[in-house]
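What you see is a predicted model; the values in this text were computed from it and never measured.
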Amino acid sequence: MGEFSALAASLLVTVLLWTSVCVGSVSQSRLLGDGKVLRIPLKRISREIREDVLEGNVGADPSTQEDNLRGKPGQGYYVQMALGTPPQLLNILVDTGSSNFAVGAAPHPFLDKYFDRSLSSTYVDSQKAVYVPYTQGNWKGSLGTDEVSLPSGPNVTVRANIASITSSSNFFINGSHWEGILGLAYSEIARPDSTVEPFFDSMVKEGHIPNIFSMQLCGTIDQGNATDISVGGTMVVGGVDADLYEGPIMYSSLRREWYYEVVITKMEVDGEDLGMDCKEYNFDKTIVDSGTTNLRVPKKVFKRVKQMLDAKTDIDIPAEFWTGEDLMCWKIGSTPWEHFPPMGIYLQGTSNSEAFQLIISPQQYMRAVSDGLGRTEDCYKFAITSSDSGTVIGAVVMEGFYVVFDRENKTVGFAKSTCGVRDTTQSSGVAGPFPHSNTTDCAYTVPQEDTTVLMMVAYVMAGICGMCMLLLVVMLGQWQVRRWRRSWDDCADDTSLLKSNTSY
């Protein structure tokens with residue numbers, strides 16, 4: 001009986017271990033099946049171009065917001081903001097590719113000024129740390145709230161979340177003249193988590209402004225022979241300014257509310273299709289991001305674009321220019337724009353059966369830079385680069401258009417900008433809409449694992465586990481019955497002996 005008991009105990013341990021493996025297998029199968037699915041349904045929405053949404057009660061007159069952006073080529077566009085009580089004025093980079101409102105809050109060699117929390121009577125520390133990494137650079141700090149307003153925007157002040165940057169690496173830029181970053185995307189990508197309400201969300205909820213903003217990034221401002229090249233533009237908070245664009249605004253549906261994610265259906269150089277599967281353009285997403293300077297595309301796309309631009313440019317351009325290693329310079333005012341071909345980027349419209357074209361001029365994909373010699377020449381850097389994280393429609397593309405971020409209708413709109421151009425022979429523009437068989441086929445979706453075989457194996461293992469458990473129960477039952485019978489027999493023998501002793 002001792003051997004049988006030991007065998008039963010050993011079998012019980014084995015079955016329990018086997019059962020844990022089975023359960024673990026089933027759980028893992030479900031994780032593989034559910035954890036990698038990224039399929040966002042596209043919705044057909046109504047579109048309303050609201051040029052009259054600038055309500056007087058919030059003071060969002062577009063004329064008061066014109067020309068409120070400044071910056072330098074390749075260093076971003078910034079707007080002036082007022083933080084705290086009394087207000088401290090800081091220049092803040094406008095970034096549609098992130099969601100945190102963060103400002104320098106400690107001395108830094110690249111900062112002209114910083115937010116001194118101790119001087120604000122309305123600052124409240126949230127007692128929460130925050131860390132934000134970028135493709136290059138990062139910053140650390142702490143979260144708090146304070147009174148914030150846009151002097152050149154709607155006449156409202158809101159209590160907003162502020163990340164006070166206390167340490168950073170390769171984040172601030174020497175000579176850029178901005179001291180913080182205004183993330184204008186959705187809370188899903190806010191750090192440390194989505195509970196941190198972005199500044200624009202606070203403006204909409206507390207300031208009661210319409211859930212829409214728009215940007216006209218004008219690129220380089222013509223300053224003659226001035227050494228310090230600057231860029232300028234306008235951000236309209238709460239609406240659309242009809243003076244900043246011409247022609248229709250064409251809208252692309254947002255695929256998902258995190259970044260401003262759209263879908264590219266086709267790309268061209270000088271009217272010739274790149275001839276690639278349209279999913280390649282959106283691998284693994286396509287976003288509209290004012291905080292990124294260049295047009296960034298996946299490696300395969302970059303290789304093809306570079307080849308076609310080189311082939312269709314009818315003057316000799318060194319290979320090092322197309323790779324971004326060298327600049328191209330010409331005598332001031334003599335850049336041969338007419339020898340460079342235009343590009344075309346087609347975006348999904350507001351339905352999956354149409355697309356429209358963004359015409360990208362050479363002055364967009366060739367970014368003006370300083371020659372470092374006191375502006376003796378007009379110099380340019382190739383502004384298309386390869387990416388490991390999808391396509392980014394950055395500032396160089398946005399500079400050709402008036403871009404409307406209509407969050408209310410979940411769309412991003414593009415129209416021809418009224419900014420002055422450096423070349424009158426070619427200019428950016430919008431064309432369409434054009435019919436498309438199914439634009440949703442171009443959207444990249446994380447492939448779903450085929451778990452059929454794994455689930456079958458898991459169920460078989462679970463069945464074996466069940467049979468083993470049943471066998472164990474039967475064996476334990478038999479052992480218990482035998483033990484009970486033996487105890488009864490021993491008890492009967494003792495009783496008989498007692499009776500025999502008492503009979504004498």
Answer yes or no for Lys285 and Tyr444: cation-pi contact, defined as NZ/CZ to six-membered ring centre under 6.0 Å and angle to ring axis within 45°.
-> no
Taking atom types as modelled, is there a side-chain donor on Arg407 or Tyr260 under 3.5 Å from an acceptor on the other?
-> yes
Would you call Tyr251 and Val404 a side-chain contact if the rule is heavy atoms closer than 4.5 Å?
-> yes
Among Leu358, Ile359, Leu309, whose side chain to side chain contact (heavy atoms under 4.5 Å, CB included) with Met343 holds?
-> Leu309
Report yes if some heavy atom in the side chain of Asn100 is under 4.5 Å from a heavy atom in the side chain of Val132; otherwise report no.
-> yes
Kindly say whether Lys299 contributes a backbone atom to a donor-acceptor pair with the side chain of Arg304 at under 3.5 angstrom?
-> no
To the nearest 0.5 angstrom, please state how far the CE atom of Met276 sits from the NZ atom of Lys266.
-> 14.5 Å
Would you say the side-chain atoms of Thr195 and Asp193 include a donor-acceptor pair closer than 3.5 Å?
-> yes
Would you confirm whether Asn91, through its side chain, and Glu179, through its main-chain N or O, come within 3.5 Å as a donor-acceptor pair?
-> no
Say whether, by atom type as modelled, one donor and one acceptor occur between the side chain of Gln80 and the main chain of Ser152 under 3.5 angstrom.
-> no
Can you run down the disulfide bond (SG atoms under 2.5 Å apart) pairs that involve residues 296-328, sequence neighbours left out, and say none if there aren't any?
-> none
Measure from the ring center of Tyr402 to the ring center of Tyr245 and say whether it is less than 6.0 Å.
-> yes
Side-chain donor-acceptor pair under 3.5 Å between His339 and Asp314, yes or no?
-> yes
Residue pair Tyr346 / Glu268, side-chain donor-acceptor N/O under 3.5 Å | yes
Any donor-acceptor pair under 3.5 Å from Gln348 side chain to Thr440 backbone | no
Are Lys300 and Glu280 side-chain neighbours, meaning at least one heavy-atom pair lies under 4.5 Å?
-> yes
Is the Phe302-Trp322 ring centre distance short of 6.0 angstrom?
-> no
Indicate whether any N or O donor in one side chain lies under 3.5 Å from an N or O acceptor in the other, for Asn352 and Thr439.
-> no
Indicate whether the side chain of Arg117 and that of Ser142 have a donor and an acceptor atom separated by less than 3.5 Å.
-> yes
Under 3.5 Å donor-acceptor, Lys381 side chain and Gly324 backbone | yes
Flag the pair Tyr186 / Trp258 as yes when their ring centroid distance falls below 6.0 Å, and as no otherwise.
-> no
Taking the six-membered ring for Trp, are Phe101 and Phe199 parallel (under 30°), tilted (30 to 60°) or perpendicular (over 60°)?
-> tilted
For the ring pair Trp178 and Phe171, is the centre-to-centre distance below 6.0 Å?
-> yes
Just checking, is any N or O donor in the side chain of Thr85 or Glu147 under 3.5 Å from an acceptor N or O on the other one?
-> no
Less than 4.5 Å apart, any side-chain heavy atom of Leu244 and any of Ser214?
-> no
Would you tell me whether Thr145 and Asn161 have side-chain atoms, one donor and one acceptor, within less than 3.5 Å of each other?
-> no
Verify the distance criterion only: is there a donor paired with an acceptor across the side chains of Ser290 and Tyr77 at less than 3.5 Å?
-> no
Side-chain (Ser194) to main-chain (Glu188) donor-acceptor, under 3.5 angstrom = no
Would you name the heavy atoms of Pro198 and Gly183 that are closest together and state the gap between them?
-> CB-O, 4.5 Å
Give a yes or no on whether the backbone of Ser428 and the side-chain of Lys416 come within a donor-acceptor separation of less than 3.5 Å.
-> yes
Is it true that atom NZ of Lys113 has more than 12 heavy atoms of other residues, nucleotides or ligands lying nearer than 6.0 Å?
-> yes
Residue pair Asp270 / Pro342, side-chain heavy-atom distance below 4.5 Å = yes
Drop me the distance from Ile332's CD1 to Glu377's CD, to the nearest 0.5 angstrom.
-> 8.0 Å
Between Asp116 and Ser118, do the side chains contain an N or O donor and an N or O acceptor separated by less than 3.5 Å?
-> yes
Do the side chains of Tyr380 and Arg367 get nearer than 4.5 Å, heavy atoms only?
-> no
Decide ring-ring contact (aromatic ring centres under 6.0 Å, His included) for Phe213 and Phe200; before the verdict, give the C-alpha distance in whole Å, the side-chain angles of both, and the deciding distance to 0.1 Å.
-> CA-CA 9 Å; Phe213 66 92; Phe200 191 77; 5.1 Å; yes
Heavy atoms from other residues, nucleotides or ligands near NZ of Lys279 exceed 12 (cutoff 6.0 Å) = yes
More than 12 heavy atoms of other groups within 6.0 Å of Lys312 NZ | yes
Is atom CZ of Phe321 surrounded by more than 12 heavy atoms (other residues, nucleotides or ligands) closer than 6.0 Å?
-> yes
Do the non-hydrogen side-chain atoms of Thr350 and Thr411 ever get within less than 4.5 Å of each other?
-> yes
Would Gln216 and Thr418 count as having a side-chain donor-acceptor pair, cut-off 3.5 Å?
-> yes
Full working for side chain to side chain donor-acceptor pair (under 3.5 Å) between Ser120 and Asp146 = CA-CA 8 Å; Ser120 175; Asp146 209 336; 2.6 Å; yes
Within a strict 4.5 Å, meaning less than it, do heavy atoms of the Ile384 and Asn294 side chains meet?
-> no
